[in-house]
Enquirer: 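The structure follows.
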Amino acid sequence: MNYVNEAEFIAWYRRTAKPPQLSPEALLADVFRYYVETKDSAYVLPADRTVTGREESYPFRCETIGACGACTPFMYF
C-alpha cells in the first residue's frame with residue numbers, strides 16, 4: 001500500500017485519539033483493515049476513544065493504478 005498525505009492523517013489522530021494511541025505503522029494498518037472490512041472511506045474513532053467524547057472521522061480514498069498484474073494500491077488522506 002502506498003500512502004499519500006498520511007502525515008496529516010497521523011497528526012489528526014494524535015490530536016483526536018485518547019491514549020493509548022497506536023504507532024503510525026499500526027494506525028495505517030488499522031485504517032487498511034477497517035477499509036477492507038467495511039468498504040467505508042472514512043476512518044471512524046468511536047466516542048469512547050476520542051478526547052472530545054464524540055465520534056470523530058477522517059475521510060480517505062483508495063484506488064488501484066495499473067493493469068496486467070502490475071497494479072499499485074494507493075490510499076489518499
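Note that the coordinates shown come from a computational prediction; the quantities given were computed from them, not determined experimentally.
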Enquirer: May I ask you to check whether over 12 heavy atoms, not counting those of F32, lie within 6.0 Å of atom CZ?
Expert: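 Counting neighbours around CZ of F32, 12 or fewer heavy atoms of other residues, nucleotides or ligands fall under 6.0 Å, so no.
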
Enquirer: Roughly how far, to the nearest 0.5 Å, is the CG atom of L22 from the CG atom of L28?
Expert: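 Atom-to-atom, L28:CG and L22:CG are 10.0 Å apart.
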
Enquirer: What closest approach, in Å, do A42 and S57 show between heavy atoms, and which atom pair accounts for it?
Expert: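 Result for this residue pair: CB-CB, 4.3 Å.
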
Enquirer: What are the two closest heavy atoms between V51 and K18, and how far apart are they?
Expert: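 So the minimum-distance heavy-atom pair works out to N-CG, 4.0 Å.
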
Enquirer: Work out which heavy atom in T16 is nearest to a heavy atom in E56; give both atom names and the distance.
Expert: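 Answer, listing the atom of T16 first, then E56: CG2-CG, 3.5 Å.
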
Enquirer: Does Y58 reach the main-chain N or O of F77 with its side chain, forming a donor-acceptor pair under 3.5 Å?
Expert: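 No, the answer is negative, given that no donor and acceptor are paired below the 3.5 Å cut-off.
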
Enquirer: Is Q21 reaching over with its side chain to a backbone N or O of R14, donor-acceptor style, under 3.5 angstrom?
Expert: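 Confirmed, Q21 side chain pairs with R14 backbone.
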
Enquirer: Run the numbers on F9 and Y43 for ring pair (Phe, Tyr, Trp, His ring centres under 6.0 Å), then give the verdict.
Expert: CA-CA 10 Å; F9 170 67; Y43 184 71; 5.7 Å; yes

Enquirer: In terms of hydrophobic clusters joined by side-chain contacts under 4.5 Å, are V44 and Y13 together?
Expert: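 As far as the 4.5 Å side-chain criterion goes, Y13 and V44 are connected within one cluster.
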
Enquirer: Between CD1 of I10 and CZ of R15, what distance do you get to the nearest 0.5 Å?
Expert: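 The CZ atom of R15 is 12.0 Å from CD1 of I10, to the nearest 0.5 Å.
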
Enquirer: What distance do M75 atom CE and T64 atom OG1 have between them, rounded to the nearest 0.5 Å?
Expert: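 One finds 10.0 Å between CE of M75 and OG1 of T64.
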
Enquirer: Treating Ile, Leu, Val, Met, Phe, Trp and Tyr as nodes and any side-chain heavy-atom pair under 4.5 angstrom as an edge, say whether I65 and M1 lie in one connected cluster.
Expert: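 No, I65 does not connect to M1 through the hydrophobic network.
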
Enquirer: Take W12 and L45 through the test side-chain contact (heavy atoms from CB on, under 4.5 Å) and record every step on the way to the result.
Expert: CA-CA 11 Å; W12 167 84; L45 284 173; 3.8 Å; yes

Enquirer: Should N5 and Y76 be marked as a side-chain contact (heavy atoms from CB on, under 4.5 Å) after you check the CA-CA gap, both sets of side-chain angles, and the distance that decides it?
Expert: CA-CA 6 Å; N5 295 327; Y76 301 90; over 6 Å; no

